[in-house]
2 protein chains.
Amino acid sequence: MTRPRQPTRIQARNRAAILEAALDVFSALGYRGATVDRIATAAGLSKPNLLYYFPSKEAIHEELLGRLLDTWLDPLRALDPEGDPLEEILAYVRRKLEMSRDYPRESRLFANEIVQGAPRIHAILSTDLKALVDEKAALLARWMEEGRIARVHPYHLIFSIWSLTQHYADFDVQVRAVLGSEDPFAGAPEFVETLYRRLLTPG
Amino acid sequence: MTRPRQPTRIQARNRAAILEAALDVFSALGYRGATVDRIATAAGLSKPNLLYYFPSKEAIHEELLGRLLDTWLDPLRALDPEGDPLEEILAYVRRKLEMSRDYPRESRLFANEIVQGAPRIHAILSTDLKALVDEKAALLARWMEEGRIARVHPYHLIFSIWSLTQHYADFDVQVRAVLGSEDPFAGAPEFVETLYRRLLTPG
DNA sequence: GAATGATTTGACCAACTGGTCAAAGCAACG
DNA sequence: CGTTGCTTTGACCAGTTGGTCAAATCATTC
């Protein structure tokens, strides 16, 4: 009977290289556009060698999505019921915008998946994600009732933050094509801060 | 020497059916995920028959993108320099939101293309699209200088409208997963109207 | 209704893709 | 240094895909 063993140094290095390469390729070409051979080459391995570490292309994709989803939702989890409402929300927006700037591949990986109907993570969306959003939407609603931020639809508020911030990663080429040489992330933080301040300041 | 002839009734019908089917398939599966056979079947034709009307899969995709880009940008073109600034912008936002609701496939077709680096329409983005946005951003800037709407970064303002409204089409499954049974388009128009009113009302 | 051109199809092909496998290479440990 | 188990690879396979082609069918027009 084979027991699970401590992963070798080589195993750790190669699995990490594969996931890194796969993130590159999947986020740029989508699941179908990505080929195992391309991922393998990008990871510095041969195709059969890659398949020695992961049983299938699908398995790599799943592992990537699962691993990243947690990190991706951390900023929303961090929304603190005890903090100052407006500042908490602005911190969330800022953090999301930074992630869009610093981890655009992760954003595009999800975008690719969701635009095509989220065939692989639909279940997670309607359970885990929904639960988290429900909780935070309730928190926002409470703040609104207490008159600490202006009254708006809490779910649509969250959607607006997602769309606004991730737009800079997901639609990067479009944004850059329109802006020409100007750096998208120069004006963005100021813009979104102004937007949510004006939207949410009570009265 | 063969001359271009008047397209037959059959030609008109079949080409239309193909483009309609292709919009369905491309928007759901992306360029790579879509197969010629699938498009053909969806159009009620055999694969060789489809290739009698279009020389290649690529050609169908190009024709679709080109055809739709114009319609897609019409609302922005309609932004009227003579109208009331805030009402013009709100009308634009409303129109975009309606298109997201009524033509989600078109939205997702572009989303798919742009998320993957817009390999096929990059040139158009940095010429035609940029020119149009430059023009309208200048108009917005003028309105801001005249004190008729609040001062914000005009380009980011336009990006925010795109991202907010198209989010409901492009990320439809996510939105629905989170909202459960509630219709996304119930609360959305009111939310975005409030958002842009508060953002742009001067003073 | 015969001739002409438009339309449709089955059979086919070459390229690509995900995945397998047996054998070879390699590292570590006694 | 030989054994053991981990790692790597070349050769291969079956299924899919975009696209071709000659032949058959259909519609139109004279």
Side-chain angles (χ1 to χ4, degrees), chain A residues 1-65 112-113 116 119-120, chain B residues 1-65 112-113 116 119-120:
Chain A
M1 175 169 161
T2 52
R3 303 230 193 129
R5 293 182 170 278
Q6 182 88 348
T8 320
R9 214 172 288 119
I10 297 181
Q11 268 171 30
R13 172 168 47 83
N14 280 348
R15 282 183 60 95
I18 290 168
L19 288 173
E20 165 69 20
L23 177 56
D24 241 44
V25 178
F26 279 133
S27 68
L29 303 172
Y31 181 77
R32 310 239 190 178
T35 70
V36 176
D37 210 32
R38 217 174 160 130
I39 298 172
T41 303
L45 301 173
S46 67
K47 186 172 65 161
N49 199 6
L50 178 147
L51 289 166
Y52 170 73
Y53 291 99
F54 287 89
S56 67
K57 173 182 169 181
E58 176 89 38
I60 304 174
H61 195 245
E62 255 175 45
E63 173 118 6
L64 260 189
L65 282 176
N112 259 309
E113 177 69 9
Q116 294 184 13
R120 289 162 245 278
Chain B
M1 176 170 160
T2 51
R3 304 231 193 126
R5 293 182 170 280
Q6 182 88 350
T8 319
R9 211 171 290 119
I10 297 181
Q11 269 171 31
R13 172 170 47 83
N14 280 349
R15 283 184 59 95
I18 290 169
L19 288 174
E20 165 69 21
L23 176 57
D24 241 44
V25 178
F26 279 133
S27 69
L29 304 173
Y31 182 77
R32 309 243 191 179
T35 70
V36 176
D37 210 33
R38 216 174 162 132
I39 297 172
T41 304
L45 301 173
S46 67
K47 185 171 67 161
N49 199 6
L50 177 147
L51 289 166
Y52 170 73
Y53 291 100
F54 286 89
S56 69
K57 175 181 170 182
E58 175 90 39
I60 304 173
H61 195 244
E62 256 176 44
E63 172 118 6
L64 260 188
L65 282 176
N112 259 308
E113 177 70 9
Q116 294 184 15
R120 288 162 245 279

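Here the structure is a predicted model, which means the values were calculated and not measured. Every chain is numbered from 1 and lettered A, B, ... according to where its sequence line falls, protein lines coming before strand lines.
Residues B:Phe26 and B:Asn112 come closest through the heavy atom pair O-ND2, 3.8 Å. Nearest heavy-atom pair, B:Val25 versus B:Ala42, reported as atom, atom and distance to 0.1 Å: CG2-CB, 4.5 Å. Among all heavy-atom pairs drawn from A:Ala43 and A:Ala17, the shortest one is CB-O, 3.7 Å.
The nearest whole Å value for the distance from the CZ atom in A:Phe54 to the P atom in C:dT20 is 15 Å. Between A:His61 atom NE2 and C:dG19 atom P there is a gap of 13 Å when expressed in whole angstrom units. D:dT16 atom P lies 15 Å from atom NZ of B:Lys57, rounded to whole Å. Atom CD1 of A:Ile60 is separated from atom P of C:dG19 by 9 Å (rounded to the nearest Å). Spacing between atom CZ of B:Arg13 and atom C1' of C:dT7 amounts to 11 Å, rounded to whole angstrom units.
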List the atom pairs, donor and acceptor, that lie under 3.5 Å between side-chain atoms in residues 50-59 of chain A and the rest of the protein, sequence neighbours left out.
| unit_1 | atom_1 | unit_2 | atom_2 | d |
| --- | --- | --- | --- | --- |
| A:Tyr53 | OH | A:Asn14 | ND2 | 3.0 |
| A:Ser56 | OG | A:Ala59 | N | 3.1 |
| A:Lys57 | NZ | A:Tyr31 | O | 2.9 |
| A:Lys57 | NZ | A:Ala34 | O | 2.7 |
| A:Glu58 | OE1 | A:Tyr31 | OH | 3.4 |
| A:Glu58 | OE1 | A:Arg120 | NH1 | 3.4 |

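Residues from residues 23-49 of chain A placing a heavy atom under 4.0 Å of any atom in DNA chain C, listed by number, are A:Ala34, A:Thr35, A:Val36, A:Lys47, A:Pro48.
With respect to B:Ile60, the side chain to side chain contact (heavy atoms under 4.5 Å, CB included) criterion is satisfied by exactly one of B:Leu23, B:Leu65, B:Ile18, B:Val36: B:Ile18.
An OP1 or OP2 oxygen of D:dC6 is reached within less than 4.0 angstrom by no side-chain nitrogen or oxygen of A:Asn14. Put simply, A:Gln11 has a side-chain N or O that comes within less than 4.0 Å of OP1 or OP2 on D:dT7. Taking only side-chain nitrogens and oxygens, A:Tyr52 never comes nearer than 4.0 Å to OP1 or OP2 of D:dT8.
Listed by first then second residue, pairs satisfying salt bridge (charged side-chain N to carboxylate O under 4.0 Å, His left out) with a partner in residues 22-46 of chain A read A:Asp24-A:Arg105, not counting sequence neighbours. For the salt bridge (charged side-chain N to carboxylate O under 4.0 Å, His left out) condition, no pair includes a residue of residues 41-54 of chain A, sequence neighbours left out.
Using a 4.0 Å heavy-atom distance criterion, A:Tyr53 is classed as a sugar-phosphate-only contact.
Comparing B:Pro55 and A:Leu50, the nucleotide of DNA chain D nearest to each residue sits closer to the 5' end for A:Leu50.
Each end of the helix from C:dG1-D:dC30 to C:dG30-D:dC1 gets its own axis, taken as the rotation carrying the C1' atoms of four end pairs onto the next four within a five-pair window, and the two axes meet at 0° to the nearest 10 degrees.
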How would you summarise protein contacts on nucleotides 23-30 of chain D per nucleotide, using B for base, S for sugar-phosphate only and - for none, with heavy-atom distances below 4.0 Å?
--------
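When side chains are defined from C-beta on, A:Ser27 does not count as touching B:Gln116, because their heavy atoms never get closer than 4.5 Å.
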